Student: 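Supplied in structure tokens, the structure appears directly below.
What you are looking at is a predicted structure, and each value in this text was computed from that prediction instead of being measured.
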Amino acid sequence: MKDAVVIGGGPSGMAAAVRLAEKGYDVAIIERKEELGGILDQCIHDGFGTKIFGVALSGPEFAGEFIERVQKLGIDVYLKTYVKSVEAGGKVKEITAVGPEGVEIIKTKSIVYAIGCRERHQFEIKIGGTRPAGVYTAGMVQRLVNLYGILPGKNVVIVGGGDVGMIVARHLYLEGVDSILVVFPEEFFAGLPRNVQQCILDFGLPYRPRTVVKEIIGKDRVEGVILVQVNEKWNPIPGTEEFYPCDAVILSVGLVPYTEKLTDIGVEIDPRTKGPVVNEFFETTVRGVFAAGNLVQIFDYVDDAVESAYLATEGVEKYLGGEERLECPIFINPGENVRTLTPHRVEWKDERPITAFLRPALEGRAWIIVRNEKGEVLKKFFRQYVRPSTLERIEISRDVMENAEEVFIDVRGL
């Protein structure tokens, strides 16, 4: 029987497995792909690892660091293996997996899910039209270009002003596409400022804010799109429709945690993050089942996703060691101008501060305020600049919450 099984062999999964193995636990990784690394194998741009390794690495280089550690530690790895079902209700959890050797039952004391997220598609953002060839998600384009050397088209419209969309725009420009247009409904790009500068402005790539794709035109292949301007509430402005010719539409319209496997075992899901409800060490509402990385919420940096994996391993260690929990958990709630927040509750008796990740709903100078259910301010954090596209990280001392039943976190602009 394993002490822990990590489901998912991406950066967060490998980080969790490595940290647990370094602590002396018997660990295994289950990965459905042919190799470890997750989505990083198609992310050839740099910028990964600045916090974890102190150097900017490409996606494959970052993955390679952890793959080497997995191999050196002798961690059992099940590749090309699909998790069919999980029985997680008791102290002994049973994973039914299907791999090259057939069906196998793997017993473990704890599970760490690190199965990442999926991309939103055209029907989730209500783009009209038929289903011609030439409509891609940004992740698929990265895979086509970076791994197989295939361009999606020569005249491209990219939908979405987030980080991945900007990175793909730069990459396609460098690969020699004839034209690129980036459209998004916000007033300005929603991604990180460094990507706006390095991916769009430095190359003079055209973009249109307050603009969306209303309809995709084409029968067998994309022939163009109908663009329409939108107001501040993202409602189309009548009379602004325009046909724009292109042969490829690339959607970079957000990521959603892949939680289907968690709901199958009864894990509670947060409607804000779309990920599991977790405590301060990323344990879900099913005892002994933990989550890490973009499965919990969408992180801006892979380094922060890895940090969540390290926190989850602390939780695994506490769970396996039978450490004491609080008699009553302290709930942490999103307050004023907070879009998403993790963790959701404090459950363990521990002296370490609570690491909270939150995404603000406003832009500018602000205070991040921790208050109790009576409205009393427990802690304040000043930020020179916050924005919805940047995940904020704060550490809250446990002693400021010890007499609270609930804690609320607000973001208040100055």
Student: Locate the shortest heavy-atom distance separating Ser389 from Leu192; write the atom from each residue and the value.
Tutor: O-CD2, 4.2 Å
Student: Please enumerate all residues that pass side-chain contact (heavy atoms from CB on, under 4.5 Å) together with Leu201, with sequence neighbours excluded.
Tutor: Val196, Gln197, Tyr207
Student: Supply the atom-to-atom distance Asn235 CG to Gln229 CD, rounded to the nearest 0.5 angstrom.
Tutor: 14.0 Å
Student: Got a sec, which residues hit salt bridge (charged side-chain N to carboxylate O under 4.0 Å, His left out) with Arg118, two or more places apart in sequence or on another chain?
Tutor: Glu124
Student: Any non-hydrogen side-chain atom of Thr211 less than 4.5 Å from a side-chain atom of Val230?
Tutor: no
Student: Return yes if some donor-acceptor pair links the side-chain N/O of Arg339 with the main-chain N/O of Leu362 below 3.5 Å, else return no.
Tutor: no
Student: May I ask you to say whether Glu392 pairs ionically with Arg359, meaning some side-chain N is under 4.0 Å from a carboxylate O?
Tutor: no
Student: Using every non-hydrogen atom in the two residues, find where Leu295 and Ala114 come nearest and quote the distance to one decimal.
Tutor: CD2-N, 4.4 Å
Student: With side-chain contact (heavy atoms from CB on, under 4.5 Å) as the test, would you mind laying out the steps for Val225 and Val249 before giving the verdict?
Tutor: CA-CA 8 Å; Val225 294; Val249 177; 3.5 Å; yes
Student: According to side chain to side chain donor-acceptor pair (under 3.5 Å), who are the partners of Glu232, at least two apart in sequence or on a separate chain?
Tutor: none
Student: Just jot down the ring-ring contact (aromatic ring centres under 6.0 Å, His included) partners of Phe382, sequence neighbours excluded, or say none.
Tutor: Trp367
Student: So Tyr258 and Cys117, do their side chains get closer than 4.5 Å, heavy atoms only?
Tutor: no
Student: I'd like to check the ring-ring contact (aromatic ring centres under 6.0 Å, His included) partners of Phe62; sequence neighbours left out, ordered by chain and number.
Tutor: Phe53, Phe66
Student: Do Phe281 and Phe290 pass the ring pair (Phe, Tyr, Trp, His ring centres under 6.0 Å) test, and can you show the C-alpha distance, the side-chain angles, and the key distance before you say yes or no?
Tutor: CA-CA 8 Å; Phe281 291 111; Phe290 299 78; 9.0 Å; no
Student: Applying salt bridge (Lys or Arg N to Asp or Glu O under 4.0 Å), run through Arg194 and Asp163 and close with a yes or a no.
Tutor: CA-CA 9 Å; Arg194 74 175 190 187; Asp163 295 305; over 6 Å; no
Student: Give the C-alpha distance, both sets of side-chain angles, the deciding distance and a yes or no for salt bridge (Lys or Arg N to Asp or Glu O under 4.0 Å) between Glu323 and Lys349.
Tutor: CA-CA 8 Å; Glu323 294 189 28; Lys349 289 188 175 180; over 6 Å; no
Student: Side-chain contact, heavy-atom cut-off 4.5 Å: Asp300 with Thr390?
Tutor: yes
Student: With distance as the sole test, does Asn195 use its side chain to make a donor-acceptor pair with the main-chain N or O of Cys199 at under 3.5 Å?
Tutor: no
Student: Between Arg208 and Glu242, does the salt bridge (Lys or Arg N to Asp or Glu O under 4.0 Å) criterion hold? Intermediate values first, please.
Tutor: CA-CA 13 Å; Arg208 294 191 193 180; Glu242 170 194 351; 2.7 Å; yes
Student: Would you check, one step at a time, whether the test side-chain contact (heavy atoms from CB on, under 4.5 Å) holds for Ile29 with Leu36?
Tutor: CA-CA 9 Å; Ile29 300 174; Leu36 296 174; 4.1 Å; yes
Student: Show your working on salt bridge (Lys or Arg N to Asp or Glu O under 4.0 Å) between Lys80 and Glu34 and close with a plain yes or no.
Tutor: CA-CA 5 Å; Lys80 296 188 289 185; Glu34 296 181 351; 5.3 Å; no
Student: Provide the closest heavy-atom pair for Val400 versus Ser397 in the form atom of the first, atom of the second, distance.
Tutor: CG2-O, 3.0 Å
Student: Side chain to side chain donor-acceptor pair (under 3.5 Å) with Glu35: which residues, sequence neighbours excluded?
Tutor: none
Student: Assess whether side-chain contact (heavy atoms from CB on, under 4.5 Å) is satisfied between Asp264 and Ser85, documenting all intermediate values.
Tutor: CA-CA 8 Å; Asp264 288 344; Ser85 62; over 6 Å; no
Student: Test of understanding: with side-chain contact (heavy atoms from CB on, under 4.5 Å), list the residues that count as partners of Arg412, not counting sequence neighbours.
Tutor: Glu336, Ile369, Arg371, Asp410
Student: Any Lys/Arg nitrogen of Glu314 or Lys23 sitting under 4.0 Å from an Asp/Glu carboxylate oxygen of the other?
Tutor: yes
Student: How long is the span from the CD1 atom in Ile95 to the CD1 atom in Ile105, to the nearest 0.5 Å?
Tutor: 9.5 Å
Student: Would you kindly say whether Glu119 and Thr137 are connected by a side-chain donor-acceptor distance under 3.5 Å?
Tutor: yes
Student: Could you tell me if the side chain of Met401 sits less than 4.5 Å from the side chain of Ile396, heavy atoms only?
Tutor: yes
Student: Do the side chains of Arg345 and Glu406 get close enough for a salt bridge, i.e. N-O under 4.0 angstrom?
Tutor: no
Student: Among Ile158, Val157, Val156, exactly one meets side chain to side chain contact (heavy atoms under 4.5 Å, CB included) together with Val182. Which residue is that?
Tutor: Ile158
Student: Say whether Asn146 and His171, considering side chains only, have a donor N or O and an acceptor N or O under 3.5 Å apart.
Tutor: yes
Student: Does any N or O in the side chain of Thr240 come within less than 3.5 Å of the main-chain N or O of Val228, such that one atom is a donor and the other an acceptor?
Tutor: no
Student: Side-chain contact test, heavy atoms from C-beta onward, threshold under 4.5 Å: evaluate it for Pro360 versus Asn337 and give yes or no.
Tutor: no
Student: Pick from Thr259, Val296, Ile7: which one makes a side chain to side chain contact (heavy atoms under 4.5 Å, CB included) with Tyr113?
Tutor: Ile7
Student: I'd like to check the side-chain contact (heavy atoms from CB on, under 4.5 Å) partners of Pro343; sequence neighbours left out, ordered by chain and number.
Tutor: Val278, Glu280, Ile332, Ile354, Ala356
Student: I'd like to know if Asp41 pairs up with Lys33 as an ion pair, taking the criterion as any Lys NZ or Arg NE/NH1/NH2 lying under 4.0 Å from an Asp or Glu carboxylate oxygen.
Tutor: yes
Student: Is a side-chain donor-acceptor pair under 3.5 Å present for Asn279 with Glu283?
Tutor: yes
Student: By the salt bridge (Lys or Arg N to Asp or Glu O under 4.0 Å) test, which pairs, at least two apart or in different chains, include something from residues 60-69?
Tutor: Glu68-Lys72
Student: Considering residues at least two apart in sequence or located in another chain, which fulfil the side-chain contact (heavy atoms from CB on, under 4.5 Å) criterion with Glu307?
Tutor: Asp304, Thr355, Phe357, Arg393
Student: Go through the steps for Val145 and Leu172 under the test side-chain contact (heavy atoms from CB on, under 4.5 Å), then give the verdict.
Tutor: CA-CA 8 Å; Val145 176; Leu172 292 178; 4.0 Å; yes
Student: Mind checking side chain to side chain donor-acceptor pair (under 3.5 Å) for Glu405 and listing every partner two or more places apart, or none if nothing turns up?
Tutor: none
Student: How about Glu363 and Phe188: do any of their side-chain heavy atoms sit closer than 4.5 Å?
Tutor: no
Student: Suppose we screen for ring-ring contact (aromatic ring centres under 6.0 Å, His included). Which residues come up paired with Tyr78, at least two apart in sequence or across chains?
Tutor: none
Student: Does this structure show an ion pair linking Arg398 with Glu351, if we count only N-O contacts that are shorter than 4.0 Å?
Tutor: no
Student: Do any N or O atoms from the side chain of Arg210 and from the backbone of Pro185 form a donor-acceptor pair under 3.5 angstrom?
Tutor: yes
